[in-house]
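First up is the structure itself, then whatever we jot down about it.
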Amino acid sequence: MTQRTVLVVLFEGVQSLDVTGPLEVFHGAAHAVGDPAAGYDVRTASLDGGPVRTSSGLRLVPDTDLASAPVPHTLVVPGGDGNHHEDDPLTRWLAAHGPRAERLVSVCTGAMLLARAGLLDGRRVTTHWAFCDRLAREHPAVTVDPDPIFVRDGNVATSAGVTSGIDLALALVEEDHGREAALTIARYLVVFLRRPGNQAQFSAQLAAQTASRSPLREVQRWVSEHPGGDLSVEALAERARLSPRHFARAFRAETGTTPGRYVDRVRVEHARRLLEETPDGIEEISRSCGYGTPEAMRRAFVRTLGTPPADYRRRFRPAP
């Protein structure tokens, strides 16, 4: 195994966790692999080599300036409220030097910087959910997927908000050094190596808005607490004391999603937790989550997570 270089770009207003999360993961690889020479040579660089202040006020001192930094194997571009103008020096540096890296990685709104540098055209990417619409609107040549926590498209890897940078970095370590190395790092950082890249950025309850009217909020709570119950539109409408048609229209207007889609998300989320955290069989889980049959749950998992339940459990349930 050979050592890979990782260069993390710093700028004024950078999000500190976007930097330190992946940095800690890559730094832990040498210990996890058991060979310092086979880990990562991680360096940070700002445009002029001077210190930068993060969006939270933390002062970071880079190792070097971007002009002096060697061409890295992996170039990491974090997000933040910093210098994101169309024709700023950092954008020009990325446009000139980004294609030379073997792997391009963005964390959170770092995808906006890569897009402005023209490095995401023709790619499928993601970013923080609050900026997905803006990224798609400003860069129509980029395919923006707002749901996953990270996306791989060729040698370009983009992640959603803040902590998803850790998930992506662990996935890259697993790709480079194997699953055991990634697990060792995850255990040391006290995080779970269990979130697949196509897992939704947030839970069903957070993905949907909270209804303003009390009967609809009660329905949302009921769905979350009774995923195996009768969650048809007719049953939920009766609980809200509305006609099915009025209920469906009001639910979508107040939550931003249909009752059926909300129920689907809650059931997948509940089944996923049971697969990760319990020894229950897939048939038992499918019944308790309201699917009725393992085949119905399998279709829901493939549609939502891109993997069947059995494969999901094998990959994401922690070892005993």
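With hydrogens and angles ignored, the 3.5 Å screen pairs no side-chain donor or acceptor of D81 with any backbone N or O of S55. Between the side chain of Y291 and the backbone N or O of V268, at least one donor-acceptor pair lies under 3.5 Å. The closest donor-acceptor contact from the side chain of T109 to the backbone of M112 lies at 3.5 Å or more, if one exists at all. For the pair T126 (side chain) and F150 (backbone), a donor-acceptor distance under 3.5 Å is absent. When atom types are taken as modelled, the side chain of S159 and the backbone of I149 share no donor-acceptor pair closer than 3.5 angstrom. D230 places a side-chain N or O within donor-acceptor distance of the main-chain N or O of S232, the cut-off being under 3.5 Å.
Contact detail for R116 and E138: the closest heavy-atom pair is NH2-OE1, 3.7 Å. Shown here for A45 and L7, the closest heavy-atom pair between the two residues is CB-CD1, 3.8 Å. Taking every heavy atom of both residues into account, R267 and G229 meet most closely at NH2-O, 2.9 Å. Nearest heavy atoms, L94 versus A117: CB-CB, 3.8 Å. The shortest non-hydrogen separation linking S46 to G49 is OG-N, 3.0 Å. For T158 against L120, the heavy-atom pair with the smallest separation is CG2-CD2, 4.4 Å.
With sequence neighbours excluded, the residues forming a salt bridge (Lys or Arg N to Asp or Glu O under 4.0 Å) with R103 are E175, D176, listed by chain and number. Checked against side chain to side chain contact (heavy atoms under 4.5 Å, CB included), A67 has the following partners two or more places apart in sequence or in another chain: D65. For D133, there are no salt bridge (Lys or Arg N to Asp or Glu O under 4.0 Å) partners, not counting sequence neighbours. Contacts of A157 classified as side chain to side chain contact (heavy atoms under 4.5 Å, CB included), with partners at least two apart in sequence or in another chain: V105, R152, L168. Considering only residues two or more places apart in sequence or on other chains, R298 meets the side-chain hydrogen bond (donor to acceptor under 3.5 Å, both in side chains) condition with E295. Applying the ring-ring contact (aromatic ring centres under 6.0 Å, His included) rule to F247 yields the partners F251; only residues at least two apart in sequence or on another chain are considered. A search for ring-ring contact (aromatic ring centres under 6.0 Å, His included) contacts involving H97 returns W93, not counting sequence neighbours. Residues forming a side chain to side chain contact (heavy atoms under 4.5 Å, CB included) with A101 (at least two apart in sequence, or on another chain): P72, L75. When the side chain to side chain contact (heavy atoms under 4.5 Å, CB included) test is applied to P99, the partners found at least two apart in sequence or on another chain are L119. Looking at residues two or more places apart in sequence or on another chain, you find a side-chain hydrogen bond (donor to acceptor under 3.5 Å, both in side chains) between R221 and E218, E225.
Just one of L66, V52, L47, T54 meets the side chain to side chain contact (heavy atoms under 4.5 Å, CB included) condition when paired with L10; it is V52.
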Hey, can you pull the donor-acceptor pairs under 3.5 Å for the side chains in residues 57-64, sequence neighbours left out?
residue: D63; atom: OD2; partner: T44; partner atom: N; Å: 2.8
residue: D63; atom: OD2; partner: T44; partner atom: OG1; Å: 3.4

Could you pull out all donor-acceptor pairs under 3.5 Å where a side-chain atom in residues 22-33 meets a protein atom, sequence neighbours excluded?
none

Query - H177 and Y40: CA distance, side-chain angles, deciding distance, ring-ring contact (aromatic ring centres under 6.0 Å, His included) verdict - result: CA-CA 11 Å; H177 297 294; Y40 298 90; 5.3 Å; yes
Query raised in the report: Going through the checks in order, is the side-chain contact (heavy atoms from CB on, under 4.5 Å) test met by F301 and L275?
Result: CA-CA 12 Å; F301 263 63; L275 288 169; 3.5 Å; yes
Requested in this report: For side-chain contact (heavy atoms from CB on, under 4.5 Å), just list the numbers for L135 and V125, CA-CA rounded to whole Å, side-chain angles, deciding distance to a tenth of an Å, and then say yes or no.
Outcome: CA-CA 10 Å; L135 180 58; V125 306; 3.9 Å; yes
Requested in this report: Please test V266 against L231 for side-chain contact (heavy atoms from CB on, under 4.5 Å), starting from the C-alpha separation and ending with a verdict.
Outcome: CA-CA 11 Å; V266 168; L231 302 182; 5.9 Å; no
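At a threshold of 4.5 Å between side-chain heavy atoms, the hydrophobic network of Ile, Leu, Val, Met, Phe, Trp and Tyr places Y188 and V173 in one connected group. In this structure, L114 is a member of the same hydrophobic cluster as F11, with clusters built from ILVMFWY side-chain heavy atoms closer than 4.5 Å. F131 and V107 fall into different hydrophobic clusters, defined by Ile, Leu, Val, Met, Phe, Trp and Tyr side-chain heavy atoms under 4.5 Å apart, directly or through other members.
Between the CG atom in L104 and the CZ atom in R123 there is a gap of 8.0 Å [rounded to 0.5 Å]. The structure places CZ of R239 at 7.5 Å from NE2 of H226, a figure rounded to the nearest 0.5 Å. Distance check: E234 CD to R245 CZ gives 13.5 Å after rounding to the nearest 0.5 Å.
The pair D153-R124 does not count as a salt bridge, with every side-chain nitrogen at least 4.0 angstrom from each carboxylate oxygen.
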